[in-house]
Amino acid sequence: MLFVLLAPFVIAVLAPMVRQLTGSFTGWVLALLPASLFVYFCQFIEPVGSGEVLRFSTEWIPSAGINLSFYVDGLSLLFALLISGIGTFIVLYAAAYLKRHADLGRFLMFILMFMGSMLGLVLSDNVVTLFVFWELTSITSFLLIGFNHDKAKSRRAAVQALAVTGGGGLALLAGLLLMAHVGGSMELSELLAQGDLFKENPLYLSILILVLAGAFTKSAQAPFHFWLPNAMEAPTPVSAFLHSATMVKAGVYLLARMNPGLGGTEIWQVLLVVFGGATFLIGSFLALRNTDLKLILAQTTVASLGLLVLLIGLGHDKAIQAAMAYLLAHALFKGALFMAAGSVDHGTGTRDVSKLSGLARAMPLTAAASLIAALSMSGLPPFFGFIAKEFAYKASLDGPWTLEVTSVLVIGNALLFAAAFLVGAKPFFGSPGETPKQPKEGSVSLWLGPIVLSVLGLIAGPGNDIADSYFVGPAASAVRGGAMEVDLYLWGGIELPLALSAATIALGALVFAVSSSLRRALNSLFGKVWGPDQGYDQFMDGLMGLARALTGVLQTGSLRRYLLISFGIVAAALIAPTLVLGEALERPIIPPADFYIWGVGVLTVIGGLAIVLARSRLVAILSTGVLGLAVAFVFLLFGAPDLAFTQLMVETLSVVILALVIMRLPVDGKDWRGAPRALRDIPIAATIGVAVTVLLFSITSQPLDLTLSEYFAERSYTEAYGRNIVNVILVDFRALDTFGEIAVVVIAGVAVLGLLAAGSRRTESEAERRP
Amino acid sequence: MNSLILRTATPFLVGLTVLFSIYVLLRGHNEPGGGFIGGLMGASAFATYAIAEGVSATRRALVVPPISIAGFGLFAAGVSGLMSIAFGDAFLTGQWWFPDFNPDLKYISTVVLFDIGVYLVVVGAIVGIICALEEDG
């Protein structure tokens, strides 16, 4: 399983090369990967359908409970099949859509990486693995949305999507770790099998809010819905993939996955139904405000995600069945519609619904695919979308909040009905309109995907026996956390749901008829109203402003100021515990010392005084050397020759380097601070000096813990074959620390060289400009 | 710096210091010394050379750019750590061989390579910084 999940990443890296080698066949060659993944996942349909759950695990960091573990149950299999199946057509479609684009290879690389991340996400069992793949989808979708990186709008949309979903991802990580803490395992399958453990825990509310923050941002629930339409800046294949079965469904997947562990409580129901319902209405209204095919589809995606969240929130068996049926239906019709919309754009040069009409003759296949998908989306029999909608009504009638939820569903579905016809039917009928390009049908890669997906949505209606026993049933059982019989059907007799469907269709037809005046009305009403999208800009501007202001205060470029701030803070940190906590100071115990130790002490004081009184910088630097020499003496006298040796060398070299630095600084002869600065600096220096002295005395008056020293002394020769304990610690016991330190030394060296080079370049260019 | 005494003494001083720094590096496992101290000594030797003979002479004497020496040192330390993985131990676990064919050669170990890496990093980074500072100063 691990190799299967790594394959997309490996092939992705090769994608640009494949394009070089295969030219116009790139799409067909690379589509073999998702296609074979699809076939691979098909082998699980039979066992999973009979209730089996398959597990695969590879150790990653077993000591921390982190493993590359994956499991295949009804829910993950449904997602995996949708991702790899639709992915196959997307790769084909993208290769044809961006045929002449110079960076097609890179684009396909991102698409395949994204597909791999998405597969990993839905199959992960371990919470850390899940999080890693979750973030990978955010990062790869950032690359995809910002693919046209020379456009400012694309860049903004990409950063926005990353900021929103990445921020939610951090909340999710916290939530997942809390779950692991409460449940005592890192494996989702074990966590979710523990029944009401989470719901009874006092941490439940924190866990719930954190997990929902992750799911709602990813699945574009209001008020985070704004990033999804903006992401339409991406090339159409991206939209078709990200917004039909993948990226934005990840949040829905997470909610469905967590349902057995976190779902069913009152707060869960309220939050999901309220946010889902609000998103459903907002999305379906916003859909009718737009004329751009892709934007209409994007807003209906927001709406559909809201509906799915709402159904999962209701949480009873019928609602879960409806959610899974709708998930499948939506993936099929939305994938087809997005690709068809891209083909229309490709063929005519415009995506403006008000300019498009009568394309059926010029683009018969795209028109057929669009129309079939739109009929499924609008919920007409015998399409699969009809079944999904019918079951949603059945679920809403079972309560809770029957009246409110049902009204929301009827209004939202009617608006979606109108939107479906606007996108899927209107461009193709009537008399042909004027378009920038002469409309013509694209190549087979462009229409194959829409046709297959939309026809599947048609077949799944009458063929609902296969759909429920192999796909919807196992998925619903996984969401519920126990086996569930699912029997989907087209004709349930003349009952209330059918009447609601009829009402929806009637209302939807009415909305469609008045859609252009409705659009004008909506735009004049809400055209200039503040929305979360502006809120995002204001937030980002505020953040930048704050950063600028802070930088202006702290990073003035004056070395003196930096030192003042650093030492001021150190002084405060040293005296604060004593002042605030009222900790009594230990009375310093001054150990008896030999006369030569006092001699070294006197040397230290002389060095210190010489620094303070020095009239030129060079003298001051040399005086620090005296101070360091005295310290080296102390080390030597107390039996640490290694340390003394090092101290001596460090002192020598720092005097050399400091002298060299000083020579580069603008030297004004002497360096003498005036009285006001001295008055400010002396208290800070005195505080640090006194506080450190007191601290050292109080530390040394404590009994010394010798456990570690003894441990090293004992094992230094027996285990590491060295008698110099200091060196053995450096290169063997604590070699990783040393490794980190030498890496820092190299990085610091490179940085210094870079800064000096940049500095001298600047002086050169200034010198050139001057004459 | 144009001092006749310094310029005359430098070749001897530098040669002896570098030699001694290598001695300190290699004996470090059992006597006071090691890669860090040795590296500092080596760096001070080249610093003396740079002060006496100038930066370009120092660069010529080193052949390789100092920062590359530092980079190679880090690489060597990393390789010494990775060797233990080939023997199934964790990263940076010291590996020891006690060859019996030559009684003078007591042992070969990855730890020595690690220490040599530390030595090269310290020498390379410090000499690099000193050269850069003195070059444009």
Side-chain angles (χ1 to χ4, degrees), chain A residues 640-665 716-717 719-724 726-739 741-757 759-761 763-764, chain B residues 21 24 27-41 43-44 47-48 50-51 65-67 70-71 73-75 77-78 80-81 90-94 96 98 106-107 109-115 117-118 120-122 124-137:
Chain A
D642 267 296
L643 221 50
F645 212 169
T646 313
Q647 173 75 16
L648 212 61
M649 295 315 305
V650 168
E651 277 312 320
T652 315
L653 285 168
S654 21
V655 168
V656 171
I657 292 179
L658 272 174
L660 287 172
V661 171
I662 289 295
M663 281 159 69
R664 295 169 65 91
L665 288 177
S716 174
Y717 195 72
E719 286 186 14
Y721 312 107
R723 275 188 297 273
N724 179 359
V726 178
N727 186 258
V728 170
I729 292 174
L730 280 177
V731 298
D732 207 335
F733 287 129
R734 290 284 165 84
L736 191 62
D737 291 356
T738 312
F739 191 61
E741 281 152 18
I742 58 176
V744 170
V745 170
V746 173
I747 294 165
V750 171
V752 169
L753 295 193
L755 280 175
L756 287 173
S760 60
R761 256 203 309 281
T763 26
E764 269 164 32
Chain B
S21 77
V24 167
R27 75 167 193 167
H29 215 58
N30 288 311
E31 307 288 332
F36 191 65
I37 305 171
L40 289 171
M41 293 183 66
S44 68
T48 316
I51 290 169
I67 201 69
L74 190 60
F75 177 74
S80 86
F91 182 56
L92 283 170
T93 312
W96 299 80
F98 299 91
K106 285 191 197 129
Y107 56 75
S109 114
T110 59
V111 168
V112 176
L113 181 60
F114 185 84
D115 226 7
V118 174
L120 293 175
V121 166
V122 174
I126 293 180
V127 174
I129 291 172
I130 288 180
C131 284
L133 278 172
E134 195 159 317
E135 211 152 45
D136 327 293

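Labels below follow one simple rule: chain letters A, B, ... track the order of the sequence lines, proteins then strands, and each chain is numbered from 1.
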Given 3.5 Å as the limit, does a donor-acceptor pair link the side chain of Asp642(A) with the main chain of Gly33(B), or not? yes

Ignoring hydrogens and geometry, is there a side-chain-to-backbone donor-acceptor pair from Asn724(A) to Glu31(B) under 3.5 Å? yes

Looking only at Ile742(A), Val750(A), Val656(A), Leu643(A), most heavy-atom pairs under 4.5 Å shared with chain B are made by Ile742(A)

Which residue out of Thr652(A), Val650(A), Val752(A) racks up the most heavy-atom pairs below 4.5 Å with chain B? Val752(A)

Under the side chain to side chain contact (heavy atoms under 4.5 Å, CB included) test, residues paired with Leu753(A) that sit two or more places apart: Ile67(B), Ala132(B)

Approximate separation, where rounding is to 0.5 Å, of [X] [atom1] and [Y] [atom2]:
| X | Y | atom1 | atom2 | value |
| --- | --- | --- | --- | --- |
| Phe36(B) | Asn727(A) | CZ | CG | 12.0 Å |
| Thr93(B) | Leu736(A) | OG1 | CG | 10.5 Å |
| Ile129(B) | Leu653(A) | CD1 | CG | 10.5 Å |
| Leu40(B) | Glu651(A) | CG | CD | 11.5 Å |
| Ile126(B) | Ile657(A) | CD1 | CD1 | 6.0 Å |

Search all heavy atoms of [X] against all heavy atoms of [Y] and return the closest pair with its distance.
| X | Y | value |
| --- | --- | --- |
| Phe645(A) | Met41(B) | CZ-SD, 3.9 Å |
| Met649(A) | Ser44(B) | CE-OG, 3.3 Å |
| Asn30(B) | Arg723(A) | OD1-N, 2.7 Å |

For Tyr721(A), is it the side chain, the backbone, both or neither that has a heavy atom under 4.5 Å from a heavy atom of chain B? both

I'd like to know which of Ala77(B), Gly128(B), Gly71(B), Gly117(B) tops the heavy-atom pair count under 4.5 Å against chain A. Ala77(B)

Listed partners of Phe75(B) passing ring-ring contact (aromatic ring centres under 6.0 Å, His included), at least two apart: none

For the pair Phe739(A) and Phe114(B), name the ring-plane relationship: parallel under 30°, tilted 30 to 60°, perpendicular over 60°. tilted

